[in-house]
Amino acid sequence: MIQYTQLVKRNLLMYLRDKGVVFFSLLSMLVVLCLMIFFLGDVNIDALTDKLAVLPGRNAAQDEADAFLLILTWTTGGIIPTNAVMVTLSAYSSMIKDKNSKRSDAIHTSPVSRVIVALSYITSTCLSAIIICTLTFLIAEVYFVIKGATILSVGAHAEIILMILVNSFSYSSIMFLFASLVKTESAWSGFGTVIGALVGFFGGIYMPIGQLSTVLQSVVKCTPVIYSSVMFRNVICENMMNALFEGVPTDISSIYSETMGISIELFDHNVSPYVCCLILLGSGLVCLGLGVLISNYRRRKGAK
């Protein structure tokens, strides 16, 4: 247990102390924020307020303020899973470096089982994601409240913490599978570039899922990222959805929710945040099992 704890601490510090790696793991989040601040945010707010303006008895100024807060919370719901993906990907760079520098061989010659070594990488990566995602949420919530949003309930906070834990475990397991397949740092860096470009698309941040074609929606629904975004948005956006769509027919709010990826349908059934959690857990467990099998196969192949 002491050896496991020391390895987890070592891997965690390797990630957190490397400022370049930490920065690039947050680069996708910074890109999303810039897009929202300079372009997409205003587009989404204007589109929403224009649709509400045609309804009788609306307060245009209040609708604009509520729409701003809704898009703000919506963006945060997409940023948290984006961070989880990119942080776990970046954190595994220490595992790839150990492979290339032969440090992993030195670790394996010590009286520590390979299972413990693998678990230490997964645990430290998961902890890195939990730390970054929790800080992201807390900073965002403080900003919401400053801008006039209502603070989330204790129950909502508990749900978000659980979601962060599930999210972090899932992506640390998924990235462990990919890290088990990659041999060189350059290949891992290239893989990270591709994922960084795609994660905002699959999370429905650059373009809401409801605005995609049916084929592309089907493709996006085959990835776990959209379910991460949906479950976070469903909870984080609830207060602002209720405020903005008060007195509005439920059909309008339901259509908007589906279009923006606050809710999602799968096989003609609405997917609840709890089902999204189960999808992520299932994806994580499957990828973890495959990653372990691949690592064992390569170890046996290398021993021959």
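For clarity, every value in this text was computed on a predicted model and none was experimentally measured.
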Original post:
Do the non-hydrogen side-chain atoms of Leu177 and Ile174 ever get within less than 4.5 Å of each other?
Top reply: no

Original post:
Which atoms form the tightest heavy-atom contact between Ser173 and Gly284, and what is the distance?
Top reply: CB-O, 3.1 Å

Original post:
Of the non-hydrogen atoms in Leu48 and Ala67, which two are nearest, and what is the gap between them?
Top reply: CD2-CB, 3.8 Å

Original post:
How many angstroms lie between atom CD1 of Ile205 and atom CG of Leu33, to the nearest 0.5 angstrom?
Top reply: 9.5 Å

**OP:** May I ask whether Val142 and Ile71 are part of the same hydrophobic cluster, defined by side-chain heavy atoms of I, L, V, M, F, W, Y residues being less than 4.5 angstrom apart, directly or through others?
**Re:** no

**OP:** May I ask whether Val219 and Ile195 are part of the same hydrophobic cluster, defined by side-chain heavy atoms of I, L, V, M, F, W, Y residues being less than 4.5 angstrom apart, directly or through others?
**Re:** yes

Original post:
Nearest 0.5 Å, what's the CD1-CD1 distance between Ile264 and Ile209?
Top reply: 4.0 Å

Subject >> Distance (rounded to the nearest 0.5 Å) between Met163 CE and Cys276 SG >> reply: 8.0 Å

Original post:
Do the non-hydrogen side-chain atoms of Tyr15 and Ser124 ever get within less than 4.5 Å of each other?
Top reply: no

Original post:
What pair of heavy atoms forms the shortest contact from Phe191 to Met175, and how long is it?
Top reply: CE2-SD, 4.1 Å

Original post:
Run the side chain to side chain contact (heavy atoms under 4.5 Å, CB included) check on Leu52 and Leu244 step by step: do they pass?
Top reply: CA-CA 9 Å; Leu52 291 174; Leu244 183 61; 3.6 Å; yes

Original post:
Is there a donor-acceptor pair under 3.5 Å between the side chain of Thr49 and the backbone N or O of Asp46?
Top reply: yes

**OP:** Would you check if the side chain of Asn11 reaches a backbone N or O of Leu7 as a donor-acceptor pair within less than 3.5 Å?
**Re:** yes

Subject >> ILVMFWY cluster, Phe68 and Val145 together (side-chain gap under 4.5 Å) >> reply: no

Original post:
side-chain contact (heavy atoms from CB on, under 4.5 Å) with Phe169: which of Ile130, Leu281, Ile164, Leu280?
Top reply: Leu281

Original post:
Quick one: do Val43 and Ile79 end up in the same hydrophobic cluster if we chain Ile, Leu, Val, Met, Phe, Trp and Tyr together by side-chain heavy atoms under 4.5 Å apart?
Top reply: yes

Original post:
Got a second to check how far Leu89's CG is from Ser25's OG, nearest 0.5 Å?
Top reply: 9.5 Å

Subject >> pair Tyr4-Thr123: side-chain heavy atoms closer than 4.5 Å >> reply: yes

**OP:** Kindly state each residue pair satisfying side chain to side chain donor-acceptor pair (under 3.5 Å) with at least one member in residues 247-264, sequence neighbours excluded.
**Re:** Ser257-Ser263

Subject >> From CA spacing to verdict: side chain to side chain donor-acceptor pair (under 3.5 Å), Asn83, Thr136 >> reply: CA-CA 9 Å; Asn83 278 351; Thr136 300; 3.0 Å; yes

Subject >> Set of residues satisfying ring pair (Phe, Tyr, Trp, His ring centres under 6.0 Å) with respect to Phe201, sequence neighbours excluded >> reply: none

Original post:
Can you check whether Ser153's main-chain N or O pairs, donor with acceptor, with His157's side chain at less than 3.5 Å?
Top reply: yes

Original post:
Which pair of non-hydrogen atoms, one from Cys277 and one from Val166, has the smallest distance, and what is that distance?
Top reply: O-CG1, 3.7 Å

Original post:
Hey, what do you get for CD1 (Ile122) to CE (Met95), rounding to the nearest 0.5 Å?
Top reply: 8.0 Å

Original post:
Nearest 0.5 Å, what's the OG1-CD1 distance between Thr223 and Ile279?
Top reply: 10.5 Å

**OP:** Please report the shortest heavy-atom distance between Arg233 and Ile262, naming the atom on each side.
**Re:** O-CG2, 4.0 Å

**OP:** State whether the side chain of Thr125 and the backbone N or O of Ser172 hold a donor-acceptor pair below 3.5 Å, judged by distance alone.
**Re:** no

**OP:** Tell me, with the steps shown, if Phe23 and Leu30 meet side chain to side chain contact (heavy atoms under 4.5 Å, CB included).
**Re:** CA-CA 9 Å; Phe23 172 78; Leu30 297 175; 3.8 Å; yes

Original post:
Does Trp188 use its side chain to pair, donor to acceptor, with the backbone of Phe178 at less than 3.5 Å?
Top reply: no

Subject >> Asn167 backbone acceptor or donor facing Ser170 side chain under 3.5 Å >> reply: no

Subject >> Thr88/Ser128 under side chain to side chain contact (heavy atoms under 4.5 Å, CB included): CA gap, chis, key distance, verdict >> reply: CA-CA 7 Å; Thr88 53; Ser128 299; over 6 Å; no

**OP:** Would you please test Asp66 and Leu70 for side chain to side chain contact (heavy atoms under 4.5 Å, CB included) and show each step?
**Re:** CA-CA 6 Å; Asp66 289 341; Leu70 177 57; over 6 Å; no

Subject >> Shortest non-hydrogen contact from Tyr206 toward Gly196 >> reply: OH-O, 4.1 Å

**OP:** Using distance alone, with no hydrogens and no angle criterion, decide if Thr76 and Tyr143 have a side-chain donor and acceptor under 3.5 Å apart.
**Re:** no

**OP:** Give a yes or no answer on whether the side chain of Arg58 reaches the backbone of Ala53 with a donor-acceptor pair at less than 3.5 Å.
**Re:** no

Original post:
Within the side chain of Glu185, is there an N or O that forms a donor-acceptor pair under 3.5 Å with the backbone of Lys97?
Top reply: no

**OP:** Would you indicate whether the side-chain heavy atoms of Val85 and Phe202 approach each other to under 4.5 Å?
**Re:** no

Original post:
So does Lys221 have more than 12 non-hydrogen atoms from other groups sitting under 6.0 Å from NZ?
Top reply: yes

**OP:** Give a yes-or-no answer on whether the side chains of Ser283 and Tyr227 include a donor-acceptor pair shorter than 3.5 Å.
**Re:** no

Original post:
Side chain of Asn242, backbone of Glu238: donor and acceptor closer than 3.5 Å?
Top reply: yes

Subject >> Thr73 side chain vs Leu69 backbone, donor-acceptor pair below 3.5 Å >> reply: yes

Original post:
Is there a path of hydrophobic side-chain contacts, each under 4.5 Å between heavy atoms of I, L, V, M, F, W or Y residues, that connects Met240 with Ile139?
Top reply: no

Subject >> Within-4.5 Å side-chain heavy-atom neighbours: Leu26 and Met86 >> reply: no

